[in-house]
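Quick caveat, the model's predicted, so the values are computed rather than measured. Numbers here simply count residues along the sequence, with the first being 1.
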Amino acid sequence: MTLCSSDRLTVRRMKLSDLDELYTVISDPEVMRYIEPPYSYADTEKFLREAGLSEPPLIYAVDKKELSRFIGYVIYHSYNQDGVEIGWLLKPEEWHKGFAGELTEMLLGVAARSARYAVIECAPEQEVTKRIALKHGFVHSGMADGCEVFVRRFDGT
């Protein structure tokens with residue numbers, strides 16, 4: 001099942017066969033620098049089963065369309081009552097290509113159909129994530145559990 005797609009990217013349900021590629025992302029210390037310690041293979045498998053293969057999923061795979069190749073994943077799940085949390089983690093070789101901004105737009109399109117707002121949470125040191133959030137109409141709304149919280153409302157409030 002596809003959550004959304006663009007000319008360059010497809011966001012789809014995770015599959016067990018994504019395990020090795022997912023491991024290359026979340027075991028990378030550079031990718032995980034502001035998030036949490038890098039995952040072991042066993043922890044990656046557990047994460048895939050609990051977050052990617054769950055019902056409903058908390059994360060979705062991102063494929064680069066030109067090669068149908070896994071390049072990372074997005075976070076997309078309920079947040080409090082009327083919102084959704086969005087985010088992304090990509091392989092370092094896919095950074096600086098505009099994919100994070102493109103994924104943000106794609107996920108906002110999905111969220112606007114069913115939620116009153118979207119949230120991006122990030123570590124205070126994640127300057128790139130904060131810039132992307134602000135560029136896409138999110139407003140800084142404070143801190144939660146050591147993360148900065150950015151909110152984009154769809155209902156005009």
Side-chain angles (χ1 to χ4, degrees), residues 1-6 8-19 21-23 25-27 31-39 42-65 70-91 94 98-157:
M1 177 207 136
T2 300
L3 181 65
C4 53
S5 65
S6 69
R8 300 190 305 164
L9 304 171
T10 298
V11 178
R12 62 164 173 82
R13 292 284 303 255
M14 287 278 204
K15 303 177 283 194
L16 194 52
S17 60
D18 292 320
L19 177 59
E21 291 290 340
L22 178 61
Y23 176 68
V25 175
I26 63 178
S27 67
V31 172
M32 301 302 284
R33 179 177 10 165
Y34 301 119
I35 300 166
E36 56 188 303
Y39 280 49
D43 288 340
T44 301
E45 183 174 10
K46 181 179 180 194
F47 177 66
L48 175 60
R49 289 184 187 283
E50 292 177 357
L53 302 176
S54 61
E55 199 54 55
L58 305 176
I59 63 170
Y60 292 80
V62 177
D63 287 340
K64 198 174 193 178
K65 269 190 179 175
F70 182 100
I71 63 166
Y73 72 90
V74 297
I75 298 158
Y76 186 87
H77 59 81
S78 295
Y79 187 92
N80 294 336
Q81 283 184 309
D82 302 317
V84 294
E85 181 177 6
I86 68 171
W88 57 90
L89 274 82
L90 301 171
K91 292 180 175 184
E94 303 301 341
F99 291 146
E102 190 171 330
L103 288 165
T104 301
E105 278 299 315
M106 292 164 63
L107 296 174
L108 285 171
V110 174
R113 294 192 296 264
S114 61
R116 292 180 58 207
Y117 63 92
V119 170
I120 293 176
E121 292 187 349
C122 65
E125 302 83 14
Q126 284 180 280
E127 294 300 328
V128 172
T129 301
K130 293 191 287 187
R131 276 197 306 274
I132 291 168
L134 294 172
K135 181 179 178 182
H136 289 89
F138 286 78
V139 175
H140 187 267
S141 71
M143 298 284 291
D145 300 320
C147 290
E148 292 195 51
V149 179
F150 295 83
V151 176
R152 162 100 182 255
R153 297 201 169 274
F154 305 120
D155 60 7
T157 60

Quick one, [X] and [Y] - any side-chain contact, counting heavy atoms below 4.5 Å?
| X | Y | value |
| --- | --- | --- |
| Trp88 | Val11 | no |
| Val25 | Tyr39 | no |
| Val84 | Val119 | no |
| Leu9 | Ile71 | yes |
| Phe150 | Val139 | no |
| Val31 | Ile26 | no |
| Met32 | Pro37 | no |
| Ile132 | Phe138 | no |

About how many Å separate OG1 of Thr129 and CD of Glu121, when rounded to the nearest 0.5 Å?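 Nearest 0.5 Å value for the CD-OG1 distance: 12.0 Å.
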
Verdict with reasoning, Lys64 to Glu94, per side chain to side chain contact (heavy atoms under 4.5 Å, CB included): CA-CA 10 Å; Lys64 198 174 193 178; Glu94 303 301 341; 3.0 Å; yes

Only one of Leu3, Thr10, Thr2, Leu103 clears side chain to side chain contact (heavy atoms under 4.5 Å, CB included) with Tyr60; which?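 So the option named by the test is Leu3.
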
Between Lys65 (side chain) and Ser6 (backbone), is there a donor-acceptor pair under 3.5 Å?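 Yes, the answer is positive, given that a donor and an acceptor are paired below the 3.5 Å cut-off.
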
Expected output: side-chain Glu50 to main-chain Phe47 donor-acceptor under 3.5 Å: no

Within 45 degrees of the ring normal and closer than 6.0 Å to the centroid, is that where the cationic atom of Arg116 sits relative to Phe154?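 Judged by the rule (NZ or CZ under 6.0 Å from the ring centre, within 45° of its axis), Arg116 is not positioned above Phe154.
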
Nearest atoms (heavy-atom pairs only) where [X] meets [Y]:
| X | Y | value |
| --- | --- | --- |
| Gly52 | Pro57 | O-CB, 3.8 Å |
| Pro124 | Met143 | CG-CE, 3.9 Å |
| Cys122 | Gln126 | CB-OE1, 3.1 Å |
| Val110 | Tyr76 | CG1-OH, 3.3 Å |

From CA spacing to verdict: salt bridge (Lys or Arg N to Asp or Glu O under 4.0 Å), Arg13, Glu55: CA-CA 10 Å; Arg13 292 284 303 255; Glu55 199 54 55; 3.1 Å; yes

Looking at Asp18 and Arg12, is there a salt bridge between them, counting it only when a charged N and a carboxylate O are closer than 4.0 Å?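 Yes, charged N to carboxylate O under 4.0 Å.
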
Should the pair Glu21-Lys91 be classified as a salt bridge under the 4.0 Å nitrogen-to-oxygen rule?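 Result for this pair is yes, salt bridge flagged.
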
CD/Glu125: more than 12 non-hydrogen atoms of other groups inside 6.0 Å: yes

Salt bridge (Lys or Arg N to Asp or Glu O under 4.0 Å) assessment of Glu127 paired with Lys130: CA-CA 5 Å; Glu127 294 300 328; Lys130 293 191 287 187; 3.2 Å; yes

Derivation of the side chain to side chain contact (heavy atoms under 4.5 Å, CB included) call for Leu90 and Tyr73: CA-CA 6 Å; Leu90 301 171; Tyr73 72 90; over 6 Å; no

Where do Thr104 and Lys135 land on the side chain to side chain contact (heavy atoms under 4.5 Å, CB included) test, with the steps shown first? CA-CA 10 Å; Thr104 301; Lys135 181 179 178 182; over 6 Å; no

Would Thr44 and Lys46 satisfy side chain to side chain contact (heavy atoms under 4.5 Å, CB included), going step by step from the backbone distance to the final call? CA-CA 5 Å; Thr44 301; Lys46 181 179 180 194; over 6 Å; no

